[in-house]
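Notes to accompany the following structure.
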2 protein chains.
Amino acid sequence: MNGPSLPTRSRVTISEVAEAAGVSKATVSRYIGGDRQLLADATALRIEQAIERLGYRPNQMARGLKRGRTRLIGMIVADILNPYSVAVMHGVETACRQHGYTLVVCNTDRSTEQESQHLAALRSYNVEGLIVNTLGHHAGELLSLHSELPMVLVDRKVEALQADLVGLDNRDAVQQALDHLQQRGYRDLLLVSEPLDGTSSRQERVAAFEAGIARSPLLQGRVLQTDGAFRESLRDFLVASGPGPKALFAANGMAALSATRQLREFGYRLFEEIGLIALDDLDWYPLVGSGITALAQPTERIGVTAFECLLDRLRGARGPARHFDFKAQLIVRGSTHPRG
Amino acid sequence: MNGPSLPTRSRVTISEVAEAAGVSKATVSRYIGGDRQLLADATALRIEQAIERLGYRPNQMARGLKRGRTRLIGMIVADILNPYSVAVMHGVETACRQHGYTLVVCNTDRSTEQESQHLAALRSYNVEGLIVNTLGHHAGELLSLHSELPMVLVDRKVEALQADLVGLDNRDAVQQALDHLQQRGYRDLLLVSEPLDGTSSRQERVAAFEAGIARSPLLQGRVLQTDGAFRESLRDFLVASGPGPKALFAANGMAALSATRQLREFGYRLFEEIGLIALDDLDWYPLVGSGITALAQPTERIGVTAFECLLDRLRGARGPARHFDFKAQLIVRGSTHPRG
DNA sequence: AGCTTTACTGAAACCGGTTTCAAGCAATGA
DNA sequence: TCATTGCTTGAAACCGGTTTCAGTAAAGCT
């Protein structure tokens, strides 16, 4: 009787299978490598039975060593607690599985140091390609990695890096939001964003917001980050007199959470006194107040596209960096019905 | 000028470093293996410089092959879209990093077939240990894997498997919920659970609920799963006459989401007409209606504990399977204040 | 029948490391 | 002075596969 957690029999190797089947390692290797048509039927059958009998599974590490193909894809995620990341990752994983790849996900918790560490780790495990949701600092490391293996950026571009990019059409999304808010009668807007931090998508949203405001004579707008004096600045916005009804525009799901929390803490009735539109569509949006109007990102497709793009490169596709910018989809709920 | 995605220079190997430093592979291996004190200072210095100059990083796959230590931990997650899973995973990852392990996460999307596939994949990558949030079907595979490497179950036990388990003290959590509901004056309860499916934690919660109800003369209770005729059955419960004020008890975060959605669809004002308490504490609970009362699981600690438990086994700890049952923490919000 | 293909298989080198074993050499002890 | 010891190091085997190359046997061709 084995005690639990007692790794007993060490794994069956190709040599044991070879011996059991009365053939050489090479022949077994050909069998598991898919060159089955090279083998005589009788031989293949003997090997098949030996494998079955012994419960043999080839060691991918060893295969990868000589072959250079580990069938491993690495993914760097800046913040695994952000539902956007999880949703994209889900898409990537689905695509990976369909193509026989295994995904190794590393979360950096928004730490530059951990990003470095994880990149090094993934490299050392010989991943064939990388899908990166990076902080964007220290482009040097990414650059040198990109000279070694294909890489696809998700959501965040890196100036110095000529890599494929999959993300949202931020300009379009922000414009959709502004159009919607304006049409619903809101005039005094506040864009709430997580700290910009050099994160390209956040910066793009802010830039598009400011540009949009500048183009719209009816609208007034400010930008606020969810750190430092967030609470006080938000209060300032809420009590200041402006050109008309006020609305918040949360630049992503996390910002929506912070903003809504803060509104509640201030005692606002959601969303009778102030409008809200949020980028990302989280599953609890419908449940808050009269429901939060959202600009949904096609997260699953973003993930799948990122992988397919990578696969393309893995198969040898050359050429300049490609950009896939998906459109956001407006989902109207109660939070953008003035005086609820 | 390299085009993008052009994997150029193949990686530097130990032999090149050895040559550059004028020593043998073995010596370099000792250097990177941490046996630095074995080497003469001058030698170590030359190697260090060669490594630096060439940008050498050892290939973990190759190391793992001979050494048997891949420094890889595999984790199977039943549903990555469930925030509970993500939170636990975050804990596991943190612990992994601190101990120099890399985590490979596989999501089964609640599919038995995918679970098999991923288990096989993880095995083939020579992960040193497994953290498993399993569906619990086909125990055979898990069993045979467990004879090869250490394994820790998370949240869900498997009868036939004598493995360490980390999870919640479900009986205690349910009792806390019942006590709280009863104290707040609720009398007619409905436990809302995702489909039982053989998932041990769900079954335990249901069993504890039924046992608790049976012990409490004041309370009446039923159980409902969020599939099939969920909508209709919920309506039945809501309109039926019972022994007193009604409350829902969501057995986890996903159930809380379904239940709240359905209540809204029915036009209930949250939570003036009906109480709600939910297992798991998701970040949006405070935002819904008057806030959802929760029983928080220490998810981060569960993850960390799972890893540490595994590490223990990796270091050779023997002995019977251990169970770590954490207590849930009651967080009272508006959803359990009768008549709002 | 003799020669060329074709089909199938095995020996050995190799992937990038680790580890064992023994050897070289200086320092120590008797 | 000679044997012993300890410190460094390299050669070679090994991990579990893949791949090249060559060899054997059967089949096809003239």
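Below, chain A is the first sequence line, B the second, and so on; all start at residue 1.
B:Val28 comes within 4.0 angstrom of no nucleic acid atom, judged by non-hydrogen atoms across all strands. Counting non-hydrogen atoms under 4.0 angstrom, A:Gln37 reaches the backbone sugars and phosphates but no base. Here B:Tyr31 lies out of heavy-atom contact (under 4.0 Å) with every strand. Here B:Thr13 lies in heavy-atom contact (under 4.0 Å) with sugar-phosphate atoms only.
Heavy-atom distances to DNA chain D give each of B:Lys66 and B:Ala40 a nearest nucleotide, and the one nearer the 5′ end belongs to B:Ala40. Between B:Leu65 and B:Asp41, it is B:Asp41 whose nearest contact on DNA chain D lies nearer the 5' terminus. Nearest-nucleotide assignment on DNA chain C puts the 5′-proximal partner with B:Ala62, out of B:Ala62 and B:Thr27. Two residues, B:Arg30 and B:Tyr56, neighbour DNA chain C, and the one matched to the more 5' nucleotide by heavy-atom proximity is B:Tyr56.
Figure legend: B:Arg301 and B:Phe326 shown without cation-pi pairing, the cationic atom not lying both under 6.0 angstrom from the six-membered ring centre and within 45 degrees of its axis.
Ion pairing of A:Glu128 with A:Arg71 is absent here, as no side-chain N (NZ or NE/NH1/NH2) approaches a carboxylate O to less than 4.0 Å. The pair B:Arg322-B:Asp312 counts as a salt bridge, with a side-chain nitrogen and a carboxylate oxygen less than 4.0 angstrom apart.
The CZ-P distance, from B:Arg46 to D:dT8, rounds to 14 Å in whole Å. The distance between atom CG of B:Asp35 and atom P of D:dC7, rounded to the nearest whole Å, is 14 Å.
With hydrogens and angles ignored, the 3.5 Å screen pairs a side-chain donor or acceptor of B:Thr70 with a backbone N or O of B:Asn126.
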Which atom pairs, donor and acceptor, lie under 3.5 Å between side-chain atoms of residues 51-64 of chain A and protein residues at least two apart or in another chain?
{"from": "A:Asn59", "atom 1": "OD1", "to": "A:Met61", "atom 2": "N", "distance (Å)": "2.8"}
{"from": "A:Asn59", "atom 1": "OD1", "to": "A:Ala62", "atom 2": "N", "distance (Å)": "3.2"}

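Using modelled atom types and a 3.5 Å distance limit, the side chains of A:Ser147 and A:Ser144 yield no donor-acceptor pair.
Using a 4.5 Å heavy-atom threshold, the side chains of B:Ile76 and B:Thr134 count as separate. Contact of the B:Val28 side chain with the B:Val23 side chain is registered, since non-hydrogen atoms from C-beta on lie closer than 4.5 Å.
Between the axis at the start and the axis at the end of the helix from C:dA1-D:dT30 to C:dA30-D:dT1 there is an angle of 50°, using five pairs per end and rounding to 10 degrees.
Using the six-membered ring where Trp is involved, A:Phe307 and A:Tyr101 have ring planes that are perpendicular, over 60° apart on the 30 and 60° scheme.
Bounding nucleotides for the chain A contact on DNA chain C, 5' to 3', at a heavy-atom distance below 4.0 Å, are C:dC8 to C:dG16.
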